[in-house]
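The shown structure was predicted, so the numbers you read here are calculated from the model rather than taken from an experiment.
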Amino acid sequence: HTAVLHDNRTAVTMWGRHRMKNFGTLAGSSQYLVAQSYTAKDLDVGYEHWCIIKQDNVPICGGYARNGATGSGVRNYGEIGASSGVVGITGAVDLALGNHHSCFLIDNGTTYCVGKNETGQLGSGLDNLSSGCDSAHCSLTPVPVVNYNNIVQIDSGARHTIALLDNGSVIGWGVNDVYQLSIGNTLNQDEPQPVSYTHLT
């Protein structure tokens, strides 16, 4: 599915495949093209979930949350009409969504991630994290990405995340089976590692 933020930043429109409540529809709606009223700063979409940073720098998410990617603290399908924001996250300035995980950059340079973690994509340093997820490797609430507090931008692939630091260097964490992290090997990384290309600013 696809989402766009309108140029007046007061509406978000979503379209595409509608399943797992991955649109920002109010409860009971079956529309395939939806515009909701928001004063939003940013948005991103994952495989079957979405997140928005509102004007007050508080993120809200909706869609498929079986693995915790919406940060609601429960395993369900989130809808925009019932959203109360991502648990514990304020001051968000950037966000990055993968298939089943979400990361949020905070205005103090730290990053928190939530959702599935079977390849270390939360960057927590714990590859066996299962906070509230029974035996699944995931966290239902955001956990801090370890070792870095000078991140200025983030972006995610399906199961990994890349971050730009304030000194122009780059770090990455998560799946690395085909060199996604550019660290010289194919080992998955559950905490950030410096990539081999630096000074990209």
Side-chain angles (χ1 to χ4, degrees), residues 1-106 111-118 121-123 129 131-134 136-143 145 154-161 174:
H1 69 294
T2 301
V4 296
L5 176 60
H6 293 238
D7 58 1
N8 61 8
R9 297 189 176 274
T10 59
V12 173
T13 301
M14 300 185 188
W15 66 89
R17 189 181 188 194
H18 188 204
R19 66 186 301 268
M20 303 296 185
K21 298 182 179 177
N22 62 329
F23 283 5
T25 58
L26 294 172
S29 173
S30 60
Q31 298 181 65
Y32 280 67
L33 182 63
V34 181
Q36 297 293 338
S37 294
Y38 274 104
T39 302
K41 290 186 173 182
D42 200 3
L43 67 84
D44 201 2
V45 293
Y47 177 55
E48 290 176 327
H49 72 293
W50 53 268
C51 295
I52 294 168
I53 298 178
K54 298 188 299 176
Q55 189 69 24
D56 60 3
N57 294 96
V58 172
I60 61 170
C61 301
Y64 184 63
R66 183 65 178 168
N67 297 296
T70 62
S72 64
V74 295
R75 304 177 78 179
N76 64 6
Y77 305 138
E79 293 182 275
I80 205 167
S83 177
S84 59
V86 179
V87 174
I89 299 296
T90 59
V93 294
D94 197 9
L95 73 169
L97 276 59
N99 277 3
H100 298 289
H101 78 286
S102 306
C103 294
F104 306 92
L105 174 62
I106 310 304
T111 296
Y112 288 77
C113 297
V114 66
K116 204 167 184 181
N117 193 52
E118 87 283 9
Q121 58 265 56
L122 300 189
L129 186 67
S131 177
C133 299
D134 299 325
H137 294 308
C138 76
S139 179
L140 302 185
T141 56
V143 296
V145 174
I154 55 175
D155 202 2
S156 290
R159 295 184 294 161
H160 72 288
T161 298

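- In this structure, CG on Asp42 lies 5.0 Å from CD1 on Ile53, to the nearest 0.5 angstrom.
- Summarising the geometry of His49 relative to Gly98, their closest heavy-atom pair is CE1-O, 3.3 Å, with the distance given to 0.1 Å.
- With contacts defined as side-chain heavy-atom distances shorter than 4.5 Å, the pair Gln121/His160 does not qualify.
- Side chains of Leu95 and Pro59 form no contact here, defined as non-hydrogen atoms less than 4.5 Å apart.
- Legend: residues meeting side chain to side chain donor-acceptor pair (under 3.5 Å) with Asp56, ordered by chain and number and at least two apart, are absent.
- Contact detail for Ser139 and Cys133: the closest heavy-atom pair is N-SG, 3.7 Å.
- In this structure, NE2 on His100 lies 11.0 Å from SG on Cys138, to the nearest 0.5 angstrom.
- Minimum heavy-atom separation, Cys103 to Ile154: O-CD1, 3.6 Å.
- What you find for Cys113 and Leu122 is that their closest heavy atoms are CB-O, 3.5 Å.
- Inter-residue side-chain proximity for Gln55 and Lys41 is flagged as met; some heavy-atom pair is nearer than 4.5 Å.
- Applying the side-chain contact (heavy atoms from CB on, under 4.5 Å) criterion to Asn99, with sequence neighbours excluded, gives Tyr47, Ala158.
- The shortest side-chain heavy-atom distance between Arg159 and Glu118 falls under the 4.5 Å cut-off.
- Formation of a donor-acceptor pair under 3.5 Å by the Ser102 side chain with backbone atoms of Val114 is not found in this model.
- Summarising the geometry of Val93 relative to Asn57, their closest heavy-atom pair is CG1-ND2, 4.1 Å, with the distance given to 0.1 Å.
- Going from atom CG of Leu105 over to atom OH of Tyr112 covers 11.5 Å, rounded to the nearest 0.5 Å.
- For Thr161, the side chain to side chain donor-acceptor pair (under 3.5 Å) partners are His101, Ser156, not counting sequence neighbours.
- Closest approach of Ile89 and Ile106 over heavy atoms only: CG2-CD1, 3.8 Å.
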